[in-house]
Each structure stands twice: as C-alpha cells, then as structure tokens.
Amino acid sequence: MPVDETPLEHERRSKVERLRAEGREPYPWVFPDRVLAEEVLRRCEGLAPGTEAAGPPVRVAGRLKALRLHGRTAFADLEDVSGSIQLLLRSDTMGDGEFDAGMRYLDPGDLVGAEGVPAVSKRGEPSVHARSVTMLAKAIAPPPEKFHGLQDVEERLRRRYLDLLASPESRALFRTRAHLLREVRQYLDASDFLEVETATLLPVASGAAATPFETHSRYLDADLQLRIALELPLKRLLVGGLERVYELGKSFRNEDMDTTHSPEFTELEAYWAYADYHDMRRLTEGLFGRLADRVRELLPDSPPAQEGAKEFTPPFATVDFVEELERRSGISGLLAKSPEELRGLARAAGSTVPDRSTPGVFLDKLFEHYVEPHLQHLTFVVDHPAATTPLAKRHRSKPDRVERFEMFYRGFELGNAYTELNDPDEQEARFREQLASQGEDRYAYDADFVRALRHGMPPATGIGIGVDRIVMGLTGTPSIKEVILFPLVRPR
RNA sequence: GGGCCCGUAGCUCAGCCCGGUAGAGCAGGCGGCUCUUAACCGCAAGAUCAGGGGUUCGAAUCCCCUCGGGCCCGCCA
C-alpha cells in the first residue's frame with residue numbers, strides 16, 4: 001500500500017479489493033463491440049421522451065464524469081472521444097444485485113462500459129438504458145473538480161492528462177492541432193512536395209543563430225548538438241535533385257521561454273527548386289487559407305478561433321521593411337547609415353545588444369522596436385535589408401535588399417521565406433562575416449554546406465514556419481505552452 | 001537578469017489589508033430518495049495554510065530567505 005495514499009485513494013483502493021473478492025475484475029482486458037456516444041445520440045434522434053429505440057442493445061465505454069443517485073434509480077454521464085452520453089440505471093431493469101453493486105463500486109473518474117438500449121429519458125435526455133455496467137478500469141486517484149475542472153496552470157502543464165480528461169476544450173484544441181498538421185501535409189503533398197526527415201543530432205547545429213542544446217555520443221566519442229533549424233540539410237536535398245521537399249519536426253533552442261518561445265518547438269520548412277519568393281508567397285497564402293477553413297470547421301463555437309481563422313484568410317497586408325521602419329520611426333536614409341550610426345539609433349531605441357553586432361542586428365532591433373508591436377493583424381513584411389539576412393539572395397531590383405518575406409501576427413513572427421542564396425562563394429563570405437561579429441568559436445559554421453553549394457543548388461525559394469505559433473494564431477491561444485502537449489517545465 | 005502577482009483539504013475557492021489558533025462547495029464516508037443532468041436532503045469526517053527563518057504573549061495573516069508557477073520588461077540575427 002503506497003505511503004502517500006490519501007484517504008480518498010484508500011477508499012477507492014478498497015473498492016478494488018472488494019470487487020476482486022466478488023469475482024469482478026476491476027481491470028479487465030477488453031470491451032468489444034462498443035459504439036461511440038455520438039452514435040447513440042443518432043439512434044436517439046426522433047424518440048419521444050420516456051421511450052426506447054427498437055432493435056438490439058448497444059455497448060458504450062468511457063470515463064464516468066458524474067453519478068446522480070435517486071435510490072432505486074441513478075443517472076451517470078459517460079464521456080468518450082466523441083462526446084458524452086447519459087446512462088439510465090434502474091434496479092428493476094438491471095436487477096437489484098447488479099444495481100447495488102454498481103452503486104457500491106462506481107465513482108466519478110472510473111472507466112466503465114455499459115450495455116443497454118438507446119432511450120430518451122422522461123426529461124428528454126438521450127441515454128443508454130443500461131442492462132449492465134462493467135468496470136473497465138477503477139480510478140484510484142480522484143478526478144479534478146467536476147464543474148471548474150483543473151484551474152491550476154502549473155498542474156495543467158505538468159500533468160497534461162489531467163487537463164485533457166477534465167477539459168473537452170483542451171481535447172478539442174489538440175485535436176485541432178493534429179488536423180492542422182494533417183492539412184499542411186495534404187496541401188504540400190498535393191503540390192508535389194516530398195516529406196523528408198533530416199537529422200536532429202548534428203556535430204554543429206546551424207541555420208540560425210540560437211544557442212544549441214549539447215549532448216554526446218558514447219560510441220563515436222563525439223560532442224553533438226540538437227538542431228536549431230531545418231534549413232541547411234533541406235537545401236542539401238535540393239543539391240541532390242529532390243527539387244521540392246519539406247520537413248515537419250522539432251527544433252531545439254537553448255534559450256529563455258516566454259509566451260511565444262519554447263525550447264522545443266515544431267517547425268515546418270519547405271524548399272522549392274526553380275521557384276522564387278513570389279511563388280512561395282502564393283503557396284503560403286494558399287496554405288493559410290486552407291488552415292483557416294479547417295479551423296472554421298473544427299472550432300465553430302470558439303470566438304477566438306473564428307477570429308484567428310478570419311485573420312489567416314487571404315488577402316493579407318504587405319509592408320516594405322525599410323519603408324515601414326522609416327515611416328514608423330521617422331528616421332530617413334536608413335540604408336545609407338554607417339554601422340556606428342545604426343548602433344546609436346538602436347541604443348536610442350533601448351537595445352542592449354553587443355557593440356560588435358553586425359549592422360543587420362541593429363536594423364532588426366530597430367524594426368522590433370518601432371514596427372513589430374504594430375503588426376497586430378496578419379502582415380507580410382517584405383524585402384529586408386541585405387545586412388539582416390545571411391542566407392537569402394540579393395534583391396533583383398532593390399539595392400542593398402534581399403528577396404525575403406516574414407509574416408507577423410499579434411506582434412510576433414510566424415514565419416520567414418527567401419529566394420535562397422545559392423552562390424557558394426557569397427555564402428561562405430556571409431558565414432565568415434557572421435562568425436566574426438559573434439566572436440564566439442562555438443558557432444562554427446557548416447563548411448560542408450558551402451561545399452554542397454559548390455556542386456550547384458538550383459535557384460530556389462524556401463520557407464520556415466513556426467507551427468506552434470500558427471496553431472496559437474489560428475486558435476486564438478495566448479501562450480505557446482497551451483498548444484504544446486508536454487511543454488518543458490522545471491523538474492521538481 | 002529586473003518588476004508585479006500567485007501557492008490554504010484530492011479539486012475549485014473564502015479567510016490575509018486590520019495578527020487571536022482554518023471556512024465553504026465539489027469529490028469521498030454513513031443515511032434517505034425510481035427522471036436527474038453543477039440533482040437534492042440530513043449526519044459525520046477530511047488541512048505539516050509551498051518550505052525555512054524572524055517579529056510577537058500569539059502568525060495562514062506582518063518581515064526576510066528559498067522553492068515552484070503566471071504575467072510584463074530585458075536577452076535570444
């Protein structure tokens with residue numbers, strides 16, 4: 001008997017023993033031939049209150065949410081993946097022995113099966129008028145409070161199973177997330193993109209500037225890092241001739257957490273040979289529209305989700321990075337400023353990034369300060385200064401710019417796309433420049449990627465999207481932890 | 001790293017300002033009830049007030065530290 005057992009758990013555990021003593025297995029193996037609650041609801045349609053459906057009995061199974069006893073009658077609410085159905089329990093139909101046994105052993109939170117006839121109660125509630133009830137798994141620990149559910153945020157995150165079993169809204173959110181991922185795959189598959197899986201364990205994590213998680217291979221006796229982006233392996237596949245590829249998977253960044261940053265997050269990256277960022281924008285807008293349609297179907301009763309769906313429906317606002325920054329900040333001639341002048345402006349805007357940072361970093365800080373907070377509606381920001389973006393191709397007509405777009409919503413970034421840089425010598429030069437500005441040797445650059453480019457990467461466009469943030473935006477969820485089933489929490 | 005807020009029974013919450021030895025609802029126990037749906041009625045039970053230290057005759061309440069969490073700011077091309 002566990003030493004940390006509460007009196008409630010002791011009581012419930014004693015029911016397990018008494019069930020066994022009566023020859024009733026509290027944890028049986030299977031409950032065959034069950035139908036879902038929604039199927040019973042269908043069979044109850046059109047039945048008058050106080051009547052039963054003709055035909056054979058049905059079997060239902062799920063979690064007992066509530067039990068209302070009335071002496072020789074009782075009502076129970078059974079919840080399964082499809083919804084909720086009431087059980088109507090009467091001693092005259094079950095027999096006194098079975099009825100009394102049920103009342104002795106059943107508690108809210110138990111997993112139970114029932115067999116009986118679809119029926120509508122006198123008060124009009126669709127039900128299963130049960131002939132028998134079977135314990136399928138006795139719950140020793142009590143469920144969260146039946147009306148308010150689990151409110152404690154920490155408990156919801158640390159013990160997601162309790163959140164899910166208590167909250168149909170939480171289940172609906174994660175069901176929606178799964179369907180959105182499915183929609184992404186269907187959309188890209190239909191556009192002849194190939195889903196691939198690249199490595200998560202790498203000698204050097206690259207493709208972004210974040211601090212990686214570090215680990216070690218015993219067999220190789222080699223230090224390894226967890227990937228921080230998917231970009232460079234996927235571009236290697238373009239060199240290899242796969243032409244249209246995407247990956248949907250986790251990246252890891254060893255940095256602070258907040259409402260839009262998780263150390264472990266899901267990314268979508270897609271690369272498309274012989275196409276440019278205009279093509280990618282059309283593909284992205286099509287994808288967003290499809291995702292919005294799915295959310296409208298999946299969460300019709302959620303006003304924040306319906307608002308999110310509206311925002312993700314084309315057409316979208318577009319602003320030019322430089323024009324918008326100059327307009328919002330009142331600063332003109334930004335691209336002609338010296339690095340020192342840009343640093344001064346960034347300092348004036350409150351940034352504390354290191355002095356040795358590249359001019360691109362200062363421009364990003366200025367944009368974050370003056371523009372991002374205003375990007376509350378879904379907006380495409382285009383044609384960034386070349387200095388901000390080491391992996392993008394220079395703009396074909398705007399000097400000192402690259403062909404790039406970023407999507408923002410509610411002040412945070414959703415994704416980022418370029419016409420990809422495929423000139424190996426220019427790529428190598430930009431990597432070296434970046435390294436010099438960071439002044440830290442742990443960001444060794446991916447030399448093999450440059451070697452791959454020397455073999456020729458087709459002209460191409462690529463995109464990276466923060467999937468968790470897309471789910472947040474589409475469902476109107478304010479915190480990234482709420483859209484991740486098991487977010488990282490401090491061990492205790 | 002800085003600021004603000006939170007932690008009381010298995011769960012949801014009062015009590016804290018203004019110090020006097022912890023209160024309710026749900027869940028659980030016992031009893032009643034054959035149409036309820038946050039069922040209802042009666043009885044009894046359930047709490048190292050996150051942890052540690054201090055002030056005080058007396059601390060859930062005031063002060064300090066620690067732990068955990070939330071929000072905001074900073075940092076994170």
Side-chain angles (χ1 to χ4, degrees), chain A residues 4-15 49-50 64-78 84-94 99 104 107-109 119-127 129 139-159 162 166 207-211 228-229 253-261 263 350-354 357-365 367-369 384-385 387-392 404 406 413 416 430 433-435 437-438 443 478-479 481-482 487 489-492:
Chain A
D4 63 345
E5 178 178 77
T6 66
L8 268 74
E9 289 169 350
H10 181 80
E11 185 62 40
R12 284 166 171 250
R13 193 170 267 112
S14 79
K15 292 179 182 177
L64 197 64
K65 300 297 284 188
L67 196 54
R68 298 178 288 280
L69 275 66
H70 293 259
R72 306 311 299 164
T73 295
F75 299 91
D77 295 331
L78 195 68
S84 208
I85 187 70
Q86 176 170 273
L87 303 182
L88 168 55
L89 309 166
R90 286 171 45 174
S91 63
D92 53 2
T93 42
M94 293 175 71
F99 182 86
R104 267 199 310 278
D107 290 304
V120 172
S121 73
K122 289 177 190 168
R123 294 288 174 87
E125 180 72 21
S127 308
H129 185 178
I140 302 298
E145 208 261 0
K146 68 178 174 186
F147 186 65
H148 299 91
L150 189 63
Q151 293 297 321
D152 187 280
V153 175
E154 182 179 357
E155 283 297 289
R156 287 218 328 269
L157 300 179
R158 285 186 187 273
R159 306 175 71 198
L162 283 183
T211 306
I228 57 176
R253 296 185 183 181
N254 201 346
E255 313 225 346
D256 291 359
M257 311 174 63
D258 59 35
T259 45
T260 56
H261 294 82
S351 171
T352 57
V353 291
S357 306
T358 61
V361 171
F362 298 128
L363 285 165
D364 273 329
K365 289 295 154 196
F367 192 83
E368 283 170 24
H369 181 261
H384 298 53
T388 63
T389 316
L391 293 161
R404 174 179 178 186
E406 268 187 301
E413 184 190 353
N416 184 22
R430 291 213 207 168
E433 188 183 327
Q434 182 189 359
L435 276 180
S437 76
Q438 285 163 343
Y443 296 114
S479 166
K481 289 182 179 176
E482 298 288 348
V489 287
R490 191 177 298 276
R492 66 176 176 191

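Below, each value reflects all heavy atoms present in this structure, side chains not excepted, and no hydrogens, waters or symmetry copies.
Regarding A/Phe147, its CZ atom lies at a distance of 14 Å from the P atom of B/U12, rounded to whole Å. The NE2 atom of A/His70 sits 7 Å away from the P atom of B/U37 (whole-angstrom rounding). Note: CG (A/Asp77) to C1' (B/C35) measures 13 Å, nearest angstrom. One atom, CG of A/Asp107, and another, P of B/A27, lie 11 Å apart when rounded to the nearest Å. Distance, A/Arg13 CZ to B/G28 P: 17 Å, rounded to whole Å. In this structure, the CZ atom of A/Phe99 is 11 Å from the P atom of B/C33, given to the nearest Å. Summarising the geometry, the separation between CG on A/Leu150 and C1' on B/C13 is reported as 14 Å, rounded to the nearest angstrom. Between the CZ atom of A/Arg104 and the P atom of B/C30 there is a distance of 11 Å, rounded to whole Å.
Nucleic acid contact class of A/Pro143 (heavy atoms, under 4.0 Å, all strands): none. The residue A/Ser121 sits close to a base: some heavy atom pair falls under 4.0 Å. If you check every strand for non-hydrogen atoms under 4.0 Å, A/Glu11 touches sugar and phosphate atoms only. The residue A/Gly124 sits apart from the nucleic acid: no heavy atom pair falls under 4.0 Å. Nucleic acid contact for A/Arg68: base, since at least one base atom lies under 4.0 Å from a heavy atom of the residue. Looking at heavy-atom distances under 4.0 Å, A/Pro7 makes no contact with the nucleic acid at all. Looking at heavy-atom distances under 4.0 Å, A/Leu162 makes no contact with the nucleic acid at all. Within the 4.0 angstrom heavy-atom criterion, base atoms lie near A/Asp92.
Evaluation of atom-type donor-acceptor distances gives a pair under 3.5 Å for the side chain of A/Glu125 against the base of B/U37.
Residue A/Pro142 has its side chain nearest to B/G10 when only B/U34, B/G25, B/G10 are considered. For A/Pro108, the listed nucleotide lying nearest its side chain is B/A27; candidates were B/A27, B/U34, B/U37. Proximity note for A/Thr259 (side chain, C-beta onward) versus B/U12, B/C72, B/U34: the nearest is B/C72. Closest contact between the side chain of A/Leu157 and the listed nucleotides B/U12, B/G29, B/G70 involves B/G70. Taking every side-chain heavy atom of A/Ser351 into account, B/C75 is the closest of B/G10, B/G69, B/C75. Each of B/C11, B/G29, B/U34 was ranked by its minimum atom distance to the side chain of A/Pro144; first place goes to B/C11. The side chain of A/Glu145 lies closest to B/G25, out of B/C75, B/G25, B/G29.
Within the structure, a side-chain polar atom (N or O) of A/Arg158 is placed less than 4.0 Å from OP1 or OP2 of B/G69. Taking side-chain N and O atoms only, A/Arg490 has a distance below 4.0 Å to OP1 or OP2 of B/G68. In this structure, A/Lys122 does not reach the B/U37 phosphate: none of its side-chain N or O atoms is under 4.0 Å from OP1 or OP2. Note on A/Lys65: every side-chain N or O is 4.0 Å or more away from OP1 and OP2 of B/U37.
With a 4.5 Å cut-off on side-chain heavy atoms, A/His384 and A/Glu406 count as touching. Side-chain contact between A/Thr358 and A/Leu363 is absent, with no heavy atoms from C-beta onward closer than 4.5 Å. A/Arg68 places a side-chain heavy atom less than 4.5 Å from the side chain of A/Gln86.
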Query - A/Arg12/A/Asp107 under side-chain contact (heavy atoms from CB on, under 4.5 Å): CA gap, chis, key distance, verdict - result: CA-CA 8 Å; A/Arg12 284 166 171 250; A/Asp107 290 304; 3.4 Å; yes
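The shortest non-hydrogen separation linking A/Ala76 to A/Leu64 is CB-CD1, 3.5 Å.
For A/Thr388, there are no side chain to side chain donor-acceptor pair (under 3.5 Å) partners at least two apart in sequence or on another chain.
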Report each atom pair, protein N/O against N/O of nucleotides 1-6 of chain B, whose distance is under 3.5 angstrom.
none

Restricting both atoms to N or O, compile the protein contacts to nucleotides 40-42 of chain B shorter than 3.5 Å, with distance only.
none

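For the atom pair CG of A/Leu391 and OG1 of A/Thr389, the computed distance is 8.5 Å after rounding to the nearest 0.5 Å. Summarising the geometry, atom NE2 belonging to A/His129 is positioned 9.0 Å from atom CE belonging to A/Met94; distances are rounded to the nearest 0.5 Å. Rounded to the nearest 0.5 Å, atoms CD (A/Glu368) and CD (A/Glu413) are 9.0 Å apart.
Proximity of a side-chain donor or acceptor of A/Arg158 to a complementary backbone N or O of A/Arg490 within less than 3.5 Å is detected.
Under the 30°/60° scheme for interplanar angles, the aromatic rings of A/His70 and A/Phe75 are found to stand perpendicular.
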